[in-house]
Amino acid sequence: MAEFIRAEGLYGRNFVTRIATVRALEDFVDQRVELRGWLYKFRGKGKIAFLHLRDGTGVVQCVAKRDEVGAEALRRVKEAGQESALILRGTVRADERAPGGYEVVADDLELVAPATEEYPIALQDHGIDFLLSKRHLWLRSRKQHAVLRIRSEVCQGIRDFFYARDFVLTDAPIFTPSACEGTTNLFEVNYFDDKAYLTQSGQLYMEATAMAHGKVYCFGPTFRAERSKTRRHLTEFWMCEPEMAYATLDDAMDLAEELLEYLVGRALERCGRELAVLERDLEPLERVRRPFPRITYDEAAALLAEKGHEFRYGDDFGAPDETAISEHFDRPVLIHRYPAAVKAFYMKRDPAAPDKALCVDVIAPEGVGEVIGGGERATDLAYLEEQIAAHRLPKEAFEWYLDLRRFGSVPHAGFGLGLERTVAWIAGREHVREAIPFPRTLYRKEP
RNA sequence: UCCUCGGUAGCUCAGCGGUAGAGUAGGUGGCUGUUAACCACUUGGUCGCAGGUUCGAAUCCUGCCCGAGGAGCCA
């Protein structure tokens, strides 16, 4: 992992040393190493100084004694300020007094580039408006750093999960000719002399690729011009949408369960440090084991009635309803067979109860809300034509989709997983905006 | 689109009709195996914007702008 370099310090001292990372520091105990990073915090200015160095993999306390590194080097680093770029060389020690158990006793400091202005994000509380306006710097903070590491792990987990199960990655287009689901919440863009829209879901395209490959998924950005501003909403977010030919609602529910169990288990296994930085309570995550409870819409509605929760049967569940239902269970809950009237036009009807759709929503615990929505798709051409007319959708735009029913229509099912909601849930963050590097919300598109 | 809350120092906030405040960050000096370090001194303001009421407005009224989180909608 470490490469050997010849380093030349401020005072022309030459050492053969090794480049270490904070994350792997325990492998270098009692060895002399070089760390390359940024000054996270500087304390002291007498005979001894403590400087916390951030190198992208973590933060470590370094001890710099004036007599060792020189008064001049110490003064320059202190004046360079928080977030100045710094190369530090010294010996790794295990020490109980150091946060994290390891520290580096510096013997050589090299200032790469000073912070030319006072760093705006202090180690104190800030308002969310301020932090979001400084998102490009906020990303360096420990908790934000941890959240994005978890996001990276979840993304890799998604790819590994589907790869291991022989799903083919067939990404959907981002420019689309019209609404996938017929709502008006689309971002319109100029497409030469025509109009196009940013994709709202890759699902219809996945139905096409599933007929070509059997088991497929897409994983990419999605755009919704909804005028909603809650902790669960972004206008640009990432969605993973698997689709399987010759599959039913039950198959989709099995896959959804397996995926969530896998992703949470993987985060627990591989993101222990990040979850600790975030002070995430691990107990609710450890309970995320199959089987998850599965209830019908009718059962969920009855549960709400039992709890004295105000709810009108036949309506879709709102966020407070979902929270009330999920509080009844200790792990994600699958709610299936909603009234067809509140769901998208392409949902297959339940043959046993034609007013219901063969669909499923997965509600995560701890108030995060819906992380997965999906179901079995309608296969009958005449029924779909009827639905497109009933929803007042332009039929021409869906001719290609209807072709999928004209040429070997088979039962198929799939779902969409919201990445940021999943990451926010696992990381224990209140708001999905922390689960994406540069969040886009109703009133904010900078930086 | 609707409802609620907010906008005062770089940042977090108090002040709510009578001289613009604290903590923190920054600066200077001191001390220190510190760890939210500490001690002393210190710089720092069109009180979101525009009108109005008043002898007097950060404070009360009206309008506007900006933000937050909740509803609806959704992942």
Side-chain angles (χ1 to χ4, degrees), chain A residues 40-52 59-66 78-79 81-82 93 95-101 103 105 115 117-134 137-138 180-186 199-203 219-241 256 260 315-323 342-344 360-364 367-374 415-425 430-433 435-436 441-444 446:
Chain A
Y40 192 69
K41 188 181 180 71
F42 188 100
R43 183 163 43 239
K45 56 180 170 178
K47 287 178 191 143
I48 186 167
F50 297 91
L51 44 106
H52 290 213
V59 180
V60 66
Q61 169 169 290
C62 304
V63 187
K65 291 179 179 146
R66 190 169 57 194
K78 178 179 167 39
E79 283 177 3
Q82 189 181 352
R93 301 285 186 212
D95 194 313
E96 284 183 359
R97 293 169 296 186
E103 65 183 16
V105 182
E117 289 176 30
E118 187 187 323
Y119 191 63
I121 300 181
L123 303 176
Q124 67 169 74
D125 289 341
H126 290 287
I128 191 63
D129 182 34
F130 176 78
L131 289 171
L132 286 173
S133 73
K134 305 285 182 198
L137 300 176
W138 189 26
C180 288
E181 303 186 14
T183 72
T184 53
N185 299 323
L186 290 167
T199 182
Q200 180 183 53
S201 163
Q203 193 222 298
F219 185 26
T222 303
F223 307 87
R224 304 251 169 116
E226 289 158 2
R227 304 187 81 78
S228 54
K229 31 185 281 175
T230 76
R231 65 176 187 276
R232 300 178 305 279
H233 287 89
L234 297 168
T235 54
E236 176 181 331
F237 65 98
W238 281 59
M239 192 153 63
C240 166
E241 296 172 277
L260 286 180
D315 287 352
D316 202 353
F317 297 124
D321 306 319
E322 286 179 351
T323 303
V342 303
K343 287 292 175 180
V360 60
D361 283 358
V362 183
I363 313 298
V368 180
E370 186 182 344
V371 292
I372 283 178
F415 59 81
L417 169 106
L419 176 67
E420 288 77 14
R421 286 188 184 177
T422 303
V423 171
W425 165 45
E430 275 282 295
H431 203 299
V432 290
R433 66 188 157 211
I436 187 168
T441 56
L442 181 52
Y443 293 122
R444 188 184 297 279
E446 282 95 18

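Just so it is clear, the model here is predicted, and its values are computed rather than measured. When reading the values below, keep in mind they use all heavy atoms of this one structure, side chains included, and skip hydrogens, waters and symmetry mates. Sequence lines set the chain letters: A, B, ... in the order given, protein chains first and strands last, and positions in each chain run from 1.
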message: What verdict does the side-chain hydrogen bond (donor to acceptor under 3.5 Å, both in side chains) test give for Thr222(A) and Glu236(A), after you've listed the backbone C-alpha separation in whole Å, the side-chain angles of each residue and the deciding distance to 0.1 Å?
response: CA-CA 6 Å; Thr222(A) 303; Glu236(A) 176 181 331; over 6 Å; no
statement: Note: for Asp361(A) and His52(A) on RNA chain B, the residue whose nearest nucleotide lies more 5' is His52(A)
task: Could you please spell out the steps behind the side chain to side chain contact (heavy atoms under 4.5 Å, CB included) verdict for Arg444(A) and Thr235(A)?
output: CA-CA 10 Å; Arg444(A) 188 184 297 279; Thr235(A) 54; over 6 Å; no
- prompt: Would you say the side chain of Lys229(A) lies within less than 4.5 Å of the side chain of Tyr443(A), judging by non-hydrogen atoms?
  reply: yes
query: Is a donor-acceptor contact shorter than 3.5 angstrom present between the side chain of His126(A) and the base of C11(B)?
result: no
message: Applying side chain to side chain contact (heavy atoms under 4.5 Å, CB included) to Ile436(A) and Leu234(A), what does each step give before you reach the verdict?
response: CA-CA 10 Å; Ile436(A) 187 168; Leu234(A) 297 168; 3.9 Å; yes
Do any N or O atoms of the protein come closer than 3.5 Å to N or O atoms of nucleotides 68-70 of chain B, and which pairs are they?
from, atom 1, to, atom 2, distance (Å)
A68(B), N7, Lys229(A), NZ, 3.1
G69(B), OP1, Arg433(A), NH1, 2.7
G69(B), OP1, Arg433(A), NH2, 2.4
G69(B), OP2, Arg433(A), NH1, 3.1
G70(B), OP1, Arg231(A), NH1, 2.5
G70(B), OP2, Arg231(A), N, 3.3
G70(B), OP2, Arg231(A), NH1, 3.2
G70(B), N7, Lys229(A), O, 3.4

message: Categorize Gln61(A) for me: base, sugar-phosphate, or nothing, with a 4.0 angstrom heavy-atom threshold over every strand shown.
response: base
Complementary nucleotide of U53(B), counting Watson-Crick and G-U pairs under 3.5 Å: none
- line: U12(B) -> Watson-Crick or G-U wobble partner, both distances under 3.5 Å, gives A22(B)
field: Contact nearer the 5' end of RNA chain B, comparing Glu96(A) with Asp321(A)
entry: Glu96(A)
- request: Decide yes or no for Lys41(A) and Gln82(A): does some side-chain heavy atom of the first lie under 4.5 Å from some side-chain heavy atom of the second?
  value: no
message: Can you confirm whether Leu260(A) sits close enough to Leu417(A) that some side-chain heavy atom of one is under 4.5 Å from a side-chain heavy atom of the other?
response: yes
message: Any side-chain to backbone donor/acceptor pair from Glu241(A) onto Ser201(A)? Under 3.5 Å, distance only.
response: no
task: Show your reasoning for whether side chain to side chain contact (heavy atoms under 4.5 Å, CB included) applies to Arg224(A) and Phe237(A).
output: CA-CA 8 Å; Arg224(A) 304 251 169 116; Phe237(A) 65 98; 3.6 Å; yes
- prompt: At under 4.0 Å, does any side-chain N or O of Lys65(A) touch on OP1 or OP2 of G33(B)?
  reply: no
- prompt: Using a cut-off of less than 4.0 Å, is there contact between a side-chain N or O of Arg43(A) and OP1 or OP2 of A37(B)?
  reply: yes
- request: Scan Val432(A) against the nucleic acid and name what it touches under 4.0 Å (heavy atoms): base, sugar-phosphate only, or nothing.
  value: nothing
field: Arg232(A) side chain vs Val368(A) backbone, donor-acceptor pair below 3.5 Å
entry: no
message: My understanding is that a pair needs two contacts under 3.5 Å, Watson-Crick or G-U wobble. By that rule, which nucleotide pairs with C5(B)?
response: G67(B)
statement: Looking only at G33(B), C73(B), U12(B), the nucleotide nearest the Phe130(A) side chain is U12(B)
- request: Quick one: pull up CG in Asp316(A) and CD in Glu322(A) and give me the separation to the nearest 0.5 Å.
  value: 7.5 Å
query: For G29(B), which nucleotide in any strand shown is its Watson-Crick or wobble partner with both distances under 3.5 Å?
result: C39(B)
Tabulate atom names and distances for all N/O pairs under 3.5 angstrom spanning the protein and nucleotides 40-48 of chain B.
none

Under 3.5 Å, N/O pairs linking protein and nucleotides 21-27 of chain B:
from, atom 1, to, atom 2, distance (Å)
U24(B), O2', Gln124(A), OE1, 2.7
A25(B), O2', Glu118(A), OE2, 2.7

